[in-house]
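Comments concern the structure below.
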Protein chains: 2
Amino acid sequence: MVEMSPHGGRPADPSGRIGIGLELDNTHLKILEVLRENGRISVAALAERVGISRANAYTRFEALRADGAIKRFTAEIDHVRAGLGITALVFVTVRQQMWKQFRAELARMPEVEYCAITTGQHDAMIQVRMADVAAVHRLVTERMANIPAVKATETVFILDEVLRRPYVLPTDRDGGRDAGRTGRRPAAPEPAEVPLGKMRFVGAAEGRAALRKEGG
Amino acid sequence: MVEMSPHGGRPADPSGRIGIGLELDNTHLKILEVLRENGRISVAALAERVGISRANAYTRFEALRADGAIKRFTAEIDHVRAGLGITALVFVTVRQQMWKQFRAELARMPEVEYCAITTGQHDAMIQVRMADVAAVHRLVTERMANIPAVKATETVFILDEVLRRPYVLPTDRDGGRDAGRTGRRPAAPEPAEVPLGKMRFVGAAEGRAALRKEGG
DNA sequence: GTTGAAATTAGTACGAA
DNA sequence: TTCGTACTAATTTCAAC
């Protein structure tokens, strides 16, 4: 239910092909745009907002679902109201050769809302929601620390969630500042006229690539 | 549309009261549980799955919506299929007294999917989805670096998203390992029999509390 | 890919337990 | 409060164009 396949890949379609399954045109993107804002809109209303016929909307809606472009529909819950007022990020350093075990343990922790494997100093970032700070402390020092795969953790608390968009789409760029600013080719950005050296990019730590394969 | 009020707070209800608006009982939580798994389920089907009458389900559904416990319904899009194959985390150090400006700039960046203010070495964490690595590089070195409020950034790339749950609920704990393990009081956890020192908790950097007030 | 008409389902209102 | 029912409105499906 919550497990994502490695690399966010989709299950191979019946033909065994792995490439793009469905060419998304502008109409598809418009549909996704509406749906991520209002996941409960009727297909009839959706058709009207996108400017296509009902039957067409049904066809495309089904196609997007079947193709996996729409992964699921969900309700966003106010976690504070639901009794989980504390959010924390746990950055985890995972012991080599133990990714599989780490993933298995993760699946057994329902309080984990999100987990991503990253480049940089740490190997994974986990977001958890808990009732209070003490519960986070207990989770980290009692449960996570007892996972052999976990070499070390670093925990920070989230003080405020400034924004959360349901999902970003390519069309979002049209509303952005970059869109049509100049005719500059995207592949050849001009040298930045900015204070450099303050912007760090952190690559994978030693052996990360190998680790991922093992854990797949 | 995407702006969250500070601290995830909800708008004050007409009475001016800020406290808990709606006492969530087990039935409410069950409804939320179903809804976060299937945001498009009909209220009739919801009533059946929860085990209440349709009328009751409509009443509670509306109450949860009005109360804000359900923030919105949304479709989860496969960002890879949608053409945004690269996900990155940008950790931002924000200049004092400039939070308001930082937030304003954020609102103008549609490629930002999530932003949270955190304790620890950095001040904020931003998650972005882009078409390719070069686009991330451009975003950070051209746009973010040009924001005066941004003192420094550190960027890591997400290699794999292992899991994402729609939203964690308190009832999730029942399925967890902790539930009813012992009768131990939650407020007094026994000293952990674990390798300590590997689990770091990182508090707020200097002046963070003051910064937050200014930016609210 | 569109339109329109039939069948089904959703949403509302109300009285009773 | 919750339930059950009847009523109204809307949606989905299916057909022909």
Side-chain angles (χ1 to χ4, degrees), chain A residues 13 20-78 81-83 166 169-171, chain B residues 10 13-15 17 19-77 81-83 166-167 169-171 174:
Chain A
D13 65 55
I20 40 164
L22 178 68
E23 274 300 330
L24 300 185
D25 59 22
N26 280 346
T27 307
H28 285 120
L29 290 177
K30 254 193 240 174
I31 290 173
L32 295 179
E33 219 167 306
V34 173
L35 247 25
R36 76 178 171 167
E37 278 171 31
N38 180 5
R40 273 184 87 82
I41 195 173
S42 71
V43 181
L46 174 68
E48 194 178 19
R49 282 192 55 179
V50 174
I52 55 177
S53 69
R54 264 116 8 124
N56 193 358
Y58 276 104
T59 306
R60 286 165 176 275
F61 182 89
E62 246 333 294
L64 287 169
R65 252 179 165 295
D67 180 68
I70 298 173
K71 293 198 283 195
R72 65 179 152 195
F73 292 94
T74 186
E76 279 190 15
I77 311 299
D78 187 320
R81 206 82 44 94
L169 289 176
T171 44
Chain B
R10 101 188 82 139
D13 65 54
S15 70
R17 191 166 36 104
I20 39 165
L22 178 67
E23 274 300 329
L24 300 186
D25 58 23
N26 280 346
T27 307
H28 285 120
L29 289 177
K30 250 191 242 172
I31 291 173
L32 294 179
E33 219 167 307
V34 174
L35 246 26
R36 76 178 170 164
E37 277 173 31
N38 181 5
R40 271 185 88 83
I41 195 174
S42 72
V43 182
L46 174 68
E48 194 179 18
R49 282 191 55 178
V50 174
I52 56 178
S53 71
R54 285 205 313 158
N56 194 357
Y58 275 106
T59 306
R60 286 166 175 274
F61 183 88
E62 245 333 293
L64 286 169
R65 254 181 162 295
D67 181 68
I70 299 173
K71 292 198 283 193
R72 66 179 150 195
F73 292 94
T74 187
E76 280 191 14
I77 310 299
R81 206 83 43 97
Y167 254 91
L169 289 177
T171 44
D174 301 345

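Note that the structure is predicted; figures quoted are calculated from it, not measured. Any value given below was found using the heavy atoms of this structure, including those in side chains, with hydrogens, waters and symmetry copies removed.
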**OP:** Ignoring hydrogens and angles, tell me if any N or O in the side chain of R65(B) forms a donor-acceptor pair with the backbone of K71(B) under 3.5 Å.
**Re:** no

Original post:
Between I41(B) (CD1) and dA10(C) (C1'), how many Å, whole number?
Top reply: 13 Å

Original post:
About how many Å separate CG of L32(A) and CD of E76(B), when rounded to the nearest 0.5 Å?
Top reply: 12.5 Å

**OP:** Could you tell me the separation between the NE2 atom of H28(A) and the P atom of dG1(C), rounded to a whole number of Å?
**Re:** 8 Å

Original post:
For the side chain of I52(A), counting heavy atoms from C-beta on, which of dT2(C), dT12(D), dT2(D) is nearest?
Top reply: dT2(C)

Original post:
Between the base of dG11(C) and the side chain of R54(B), is there any donor-acceptor pair under 3.5 Å?
Top reply: yes

Original post:
Are S42(B) and dT9(C) close enough that a side-chain N or O sits under 4.0 Å from OP1 or OP2?
Top reply: no

**OP:** Assign each of A55(A) and D25(B) to its nearest nucleotide of DNA chain D by heavy atoms, then name whichever residue's nucleotide is nearer the 5' end.
**Re:** D25(B)

**OP:** Output every pair passing side chain to side chain donor-acceptor pair (under 3.5 Å) with a member in residues 42-58 of chain B, not counting sequence neighbours, ordered by first then second residue.
**Re:** N56(B)-R60(B)

Original post:
For the pair made of CZ in F61(B) and P in dT12(C), what is the distance, rounded to whole Å?
Top reply: 10 Å

**OP:** For G51(A) and for R40(A), find the nucleotide of DNA chain C with the closest heavy atom, then tell me which residue's nucleotide is more 5'.
**Re:** G51(A)

Original post:
Where the side chain of N56(B) is concerned, which of dT11(D), dT2(D), dT2(C) is the nearest nucleotide?
Top reply: dT2(D)

**OP:** Round to the nearest Å and state the distance from E48(B) atom CD to dT9(C) atom C1'.
**Re:** 14 Å

**OP:** Whole angstrom is fine here: how far is it from OH in Y58(B) over to P in dT12(C)?
**Re:** 7 Å

Original post:
Which whole-number value in Å describes the distance from R60(B) CZ to dC3(D) C1'?
Top reply: 13 Å

Original post:
Any donor-acceptor pair under 3.5 Å linking the side chain of R36(A) with the backbone of I31(A)?
Top reply: no

